[in-house]
Amino acid sequence: MVVRHRLWLSCLVVSAALLAAGCTAEKAPTKDLATDIDEVAATLIEQPLLHSTSIGVVYRGQAFIRHRGDMEAGKPGPPTDATLYEIGSLSKTLAGTLMANAVLEHKVGLDDDVRMYLQGDYPNLQYKGEPLRVRNLLSHTSGLPNMLPARANTVLADFTDHRTPGQLNAVYARYGQADFLRDLHTVEIAGMPGKEYAYSSAGTELVAHILEVVYKRDYETLLRDFMGDSAGMTGVRLRLSDAEAPRLAVGYHSDNPMPTTPMPQLPWGASGNVKATVPEMVKYLKFQLAAGPVVAESHRALVKFDPEFSVGYFWNIVSSDALKGVYYAHHGGVPRSQCYIYIVPKYDLGIFVITNQSGDDTAHAMEAAIDTLVERIAARE
């Protein structure tokens, strides 16, 4: 899920100072990129409350991975390539990738009424005769609430409250797919689908249900098989085995000095339950940059809100950045980690950054780190 989602155009504009630095640095000697990444990682964890970070970069076919800091405060122990991270709402881009494949295989149509894939009557999933369509789910224009059940939205409204992780766990302790589909009957669509942006993890969970219906397989199997075959990502998980659980990154919520609990299991897990190592995410960066047919479809703008901001298959598409050019990005956040992924075709560049702390200022710190990396890479071009 995205924690306190903000409109992308308000938080992803590069400052004039960065642009000026990029212009004046072109004749200066450039450091080894690995050194640049090390320095950016070291600066990132100097920010208040940030204990550690891992960064994966793919630049013109060359991959870099760097880990800095200690996972637990006061205990030496940096993250490693074996550390499993909760990537939160980056999970949505994986669901979008699977749906792009389903569309190309003619299993699903973007303009299909979502009720085609639901058993029973859902007269509420329309507005003045206009039904919710698959493209509305993918572009966050369905009008569905952020989370189901509704109680989860109340809990997340005060995200930094130390009680939030425990309350979220309680909400989802016995909340399964049947409960979700029952609560879907209670949703009221208040405006014309396809018009207004309203971030919805519930919409992503419904996408996973549709994929299960058309492929007649459970979502986790679909995810692991497709990403394993297409991107070599054999290690993505929605649920961890007892043997894998000790590798899950320790994480901190807000300014609580005590480690907090993992994200609870959602009905399908497509909106925020993926776990992966940084090497697995580097494979994902390479898969995205290769821009095969499925990726190209997933990057296609389904709704253009203005000349600078569009949404594809859950991807945020930003066209207003003079330094980055057109790029594709997504934030991920759970109560004990936050991350970003950026795909920047202008430089054949992919960046994945994750920290094991989740608070109001975490995303801003990671954005600054990414901007610095892009600036230094741009100076090489």
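Please read all numbers here as calculations on a predicted model, not as lab measurements.
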Next item on the list: Might you work through the salt bridge (Lys or Arg N to Asp or Glu O under 4.0 Å) test for R237 and E280, ending with a clear yes or no?
Entry: CA-CA 11 Å; R237 301 284 188 269; E280 289 287 294; over 6 Å; no
Working to the nearest 0.5 angstrom, can you tell me the gap between [X] [atom1] and [Y] [atom2]?
X    : Y    : atom1 : atom2 : value
K324 : E375 : NZ    : CD    : 10.5 Å
N136 : L144 : CG    : CG    : 9.0 Å
E72  : M258 : CD    : CE    : 9.0 Å
D179 : R182 : CG    : CZ    : 4.5 Å

Next item on the list: List the steps, then state whether side-chain contact (heavy atoms from CB on, under 4.5 Å) holds for H106 with L104.
Entry: CA-CA 5 Å; H106 305 291; L104 292 180; over 6 Å; no
Note to self: How close do Y175 and D183 get, counting heavy atoms only, and between which atoms?
What the structure shows: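 Between these two residues, the closest heavy atoms are OH-OD2, 2.7 Å.
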Check: Would you say the side chains of Y219 and Q177 form a donor-acceptor pair under 3.5 Å?
Finding: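 Side-chain D/A pair, Y219 to Q177: absent.
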Checklist line | Hydrophobic cluster membership, L49 vs Y85, 4.5 Å side-chain cutoff | finding: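 Not linked; separate clusters.
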Next item on the list: Examine L84 and I65 and state if one hydrophobic cluster contains both, with Ile, Leu, Val, Met, Phe, Trp and Tyr joined whenever side-chain heavy atoms are less than 4.5 Å apart.
Entry: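 Each belongs to a different hydrophobic cluster.
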Notebook entry, point to check: What's the verdict on side-chain contact (heavy atoms from CB on, under 4.5 Å) for V214 and E105, showing C-alpha distance, side-chain angles and the deciding distance?
Noted result: CA-CA 11 Å; V214 300; E105 291 185 342; over 6 Å; no
Item checked: Derivation and outcome, salt bridge (Lys or Arg N to Asp or Glu O under 4.0 Å), residues E39 and R376 -> CA-CA 11 Å; E39 291 180 356; R376 295 188 183 188; 2.9 Å; yes
Next item on the list: For side-chain contact (heavy atoms from CB on, under 4.5 Å), just list the numbers for Y284 and I341, CA-CA rounded to whole Å, side-chain angles, deciding distance to a tenth of an Å, and then say yes or no.
Entry: CA-CA 10 Å; Y284 192 47; I341 187 170; 3.6 Å; yes
Check: Would you find a donor on one side and an acceptor on the other, under 3.5 Å apart, between the side chain of Q265 and the backbone of N273?
Finding: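 No, the answer is negative, given that no donor and acceptor are paired below the 3.5 Å cut-off.
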Next item on the list: Kindly write out the residues that satisfy ring pair (Phe, Tyr, Trp, His ring centres under 6.0 Å) with H253, not counting sequence neighbours, or none if the list is empty.
Entry: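 If we apply the ring pair (Phe, Tyr, Trp, His ring centres under 6.0 Å) test to H253, skipping adjacent residues, the hits are F159.
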Check: Please walk me through it: do D218 and E212 pass side-chain contact (heavy atoms from CB on, under 4.5 Å)?
Finding: CA-CA 5 Å; D218 70 275; E212 288 190 343; 3.9 Å; yes
Next item on the list: Indicate yes or no: at least one non-hydrogen side-chain atom of V134 is less than 4.5 angstrom from one of M116.
Entry: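 No. Closest side-chain heavy atoms not under 4.5 Å.
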